[in-house]
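These notes concern the structure reproduced below.
Just so it is clear, the values below take in all heavy atoms, side chains as well, and ignore hydrogens, waters and symmetry mates. Lettering of chains follows the sequences in order, A, B, ..., and the numbering in each one begins at 1.
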Amino acid sequence: MNRTMEVLIYLIPVALVLGGTGLVAFMWSLRSGQYDDMEGPKWRILDDGDLQENIASPEAAKRKAP
Amino acid sequence: MSAPERDWAAFVTNTDEGKAHMDLAVDGITCAACMYEIEYGLRKLEGVEKARVNLSSHRLSVDWDDEKTNPSPIVDRLQRLGYKAYPFDPAQVKSRGDAICREILRALAVSGFAAMNIMLLSISVWSGNASDIDPETRSFFHWISALIALPTVVYSGRIFFRSAYMAMKAGRLNMDVPITIGVLLATGLSMWQTVRDAEDAYFDSAVMLLFFLLVGRYCDHIMRRKTRSFAENLATLKAESAAKIQEDGSALDVPLSRLSVGDRVLVRAGERISVDGRISTGTSEVDQSLVTGETLLQHVGEGDLVYAGTMNTYGVLEIEVTAAAKGTLLDEVNRLLETAMEGRSKYVHIADRASQLYAPVVHAAALLTFVGWIMLGVAWQPALVIAISVLIITCPCALGLAIPAVQVVASGLFFNGRVLLNTGDAIERLATVDTIVFDKTGTLTMPETSLSKKHALSEDQLELAGRLALSSSHPLSHAIARATGAHQALPDAKESAGQGVEALINGVCAKLGSPTFCGVPAEQLEQAKVQQPDTSFVAFQSGGEAAQLLPVGQFMREGATETIQKLKYAGFAIEILSGDHKGAVEHAAQVLGVESWQAAMKPQDKIDHIEELKAKGRKVLMVGDGLNDAPSLAAANVSISPVSAVHVSQAAADAVFLGDSLAPVVSALTISKKARWVMNQNLAISVVYNLIAVPFAVLGFVTPLLAALAMSGSSIIVTLNAVRLRMLAGTSTQSNQEA
């Protein structure tokens with residue numbers, strides 16, 4: 001292997017480790033049930049019911065809601 | 001008698017943190033707002049720790065502190081919020097399907113990761129081979145590829161290996177056998193090439209093949225999981241439970257899985273009987289239409305057998321649960337069902353039939369290639385490399401995706417057409433149907449009794465009749481109450497069991513009940529019975545006016561006549577086989593315009609008739625719902641049952657349709673015909689692709705680059721062609737909706 005290719009000895013393992021991290025992250029997310037509900041979470045981000053001020057007075061939150 | 005207390009304990013499990021947990025099916029969730037409403041509504045309850053709605057499966061999971069609260073307020077709160085909810089019986093929720101789905105998804109992720117990384121290395125090798133890669137670097141890349149590919153093939157490939165092994169052990173040949181051979185040979189050849197520092201290795205082909213095929217498998221599974229979870233919700237919301245009589249004499253509602261033979265169960269007036277058993281006390285009349293197809297009420301008393309799915313009318317019954325005893329209807333149905341199921345497993349899927357033709361041809365071609373090159377004087381190693389490359393290029397990637405891809409698209413269309421598939425291959429079997437056999441009761445007619453529009457009551461009288469009906473527990477009264485939309489019972493109505501109800505309104509006496517109870521002259525009743533033979537009559541009388549007859553019965557499903565006409569127009573032979581008596585069946589056949597019908601058929605008679613049709617070469621679709629239909633549903637080439645059908649029938653049917661209309665049967669047939677057409681097209685595309693690719697491979701021109709291009713190219717073409725089905729079917733479903 002010529003000298004310019006030596007860098008591959010580091011780079012390929014690095015690439016594999018990065019890819020592998022992604023794979024492990026996916027396996028974790030699968031196991032922890034991240035894909036159980038594909039509909040709900042996109043609506044949950046719009047829900048303000050968990051803000052401190054709204055917990056204090058739910059009525060105010062209702063008035064704000066469209 | 002007050003409603004029995006519910007035994008929630010059967011539905012509750014404990015979480016790891018020591019909290020009580022329950023999963024419920026919730027009806028009525030339509031949008032995200034429902035989700036917030038339910039979650040906040042429940043969290044406000046004391047003791048509730050967690051409430052989370054799954055918006056895709058319409059299920060709710062609740063955790064609560066066992067010491068502070070119990071499930072009753074939770075279900076009550078849901079009820080008050082306007083959602084019908086019922087907990088899943090943990091004993092019956094099948095998580096097995098989910099486990100397979102996750103295994104496939106994990107295998108898919110691993111093969112996807114491997115395919116990307118190996119392709120990265122392969123492209124470097126290919127471009128290097130075309131320019132100036134040195135042998136050490138190439139060898140290094142091949143070894144890394146091998147390092148990634150070997151574990152991947154073992155991990156992701158085992159789904160195919162396992163299925164291929166099972167098939168070979170049973171002496172069959174399915175699609176997974178050539179896939180397994182292809183993947184293993186490609187990996188083995190590449191290993192060998194790597195060891196001897198050759199220019200080409202096929203690791204990318206092996207792993208990419210796995211990746212594409214797993215995508216197909218996964219789509220297939222999620223589609224089926226969607227329909228299954230939907231069906232589970234429906235089954236749970238039916239809330240089939242039984243009032244079990246405790247030792248102290250009180251009744252407790254328990255899920256059916258908690259009952260055992262010998263338990264005694266209480267069935268009140270107007271309730272559906274949910275167990276098979278023998279009556280130990282009480283007399284009543286039961287409506288057996290869901291079980292035998294017979295629409296006339298049957299009188300039962302102590303010692304008589306009753307079946308799950310029948311409707312108790314006016315009496316209170318105590319039933320001892322029995323197992324299916326010898327000689328009973330249930331025993332006969334079970335026995336016939338078993339034989340019919342055995343016959344069905346002989347059906348060979350299109351995909352397996354294709355692979356039975358495909359595998360010998362391709363393997364023979366590879367062998368001939370090997371022999372041919374040896375005879376031309378080539379050494380055995382290069383000859384073997386070329387022979388295996390023939391197998392790799394013909395590897396059934398397109399063939400493996402051709403059928404599943406269409407099935408996925410088609411079952412999505414079925415779902416929109418309100419048909420849930422139990423089996424994936426139902427589509428191809430539906431497409432060949434030329435004869436349709438309908439059951440009458442509950443299939444062509446509505447499963448519940450309802451009020452006919454042919455009566456002479458004014459709006460006010462009708463409302464009064466409805467309010468009277470609310471005070472009665474008789475099923476015919478339920479039908480009247482439903483039809484009139486009344487929701488306020490009369491305060492001091494008096495019911496005479498099996499006779500009728502009467503009440504005083506503003507000093508005027510109003511009566512609703514049997515014709516004799518209201519004083520209808522016998523001649524008038526006889527005359528009405530002749531005019532409407534399949535109908536029961538309830539009479540209504542108020543003040544000094546003459547009593548009026550209200551015809552109540554099982555009337556035709558919405559659109560039944562149009563559906564039958566459409567089917568006849570499309571060239572299907574239609575028959576009615578019913579367990580009901582002759583008059584009722586004849587009347588229904590006349591209304592629908594069906595010439596061929598038979599009445600008073602036992603389960604065995606129905607099977608015999610279907611077998612006779614099959615022997616004549618007809619492909620039979622059976623549409624039925626009753627317990628008596630279950631064996632014939634399994635015996636027919638393919639079967640559909642309405643969602644209101646009994647358990648046994650739904651399990652025996654290939655598909656279930658939702659809703660009151662019969663129209664889904666037509667759309668199922670149309671969609672499946674188109675799906676079959678696209679499947680055949682896909683198979684043709686695979687064959688053409690092989691016809692082009694194989695000569696190149698035999699002559700030894702195939703490189704890994706060519707193999708990769710051919711494989712992904714053909715897979716994409718086949719998948720796109722499957723998606724085209726959506727457009728083909730889109731026009732017809734739209735016209736159905738307009739109709």
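When heavy atoms are compared at a cutoff of 4.5 Å, A:Leu16 approaches chain B by way of both its backbone and its side chain. With a threshold of 4.5 angstrom between heavy atoms, B:Leu105 approaches chain A through its backbone and through its side chain. With a threshold of 4.5 angstrom between heavy atoms, B:Leu120 does not approach chain A through any atom at all. Heavy-atom distances place both the backbone and the side chain of B:Asn54 under 4.5 Å from chain A. Both the backbone and the side chain of A:Leu30 come within contact range of chain B, each with at least one heavy atom under 4.5 Å from a heavy atom of that chain.
Other residues, nucleotides and ligands contribute over 12 non-hydrogen atoms within 6.0 Å of the CZ atom of B:Arg196.
For A:Asp37 (side chain) and B:Ser56 (main-chain N/O), a donor-acceptor pair under 3.5 Å exists by modelled atom type.
The ring of A:Phe26 has its center closer than 6.0 angstrom to the ring center of A:Tyr35.
Using a 4.0 Å cut-off between charged side-chain N and carboxylate O, A:Glu39 and A:Arg44 make no salt bridge.
A distance of 10.0 Å separates CZ in B:Phe140 from OG in B:Ser145, rounded to the nearest 0.5 Å.
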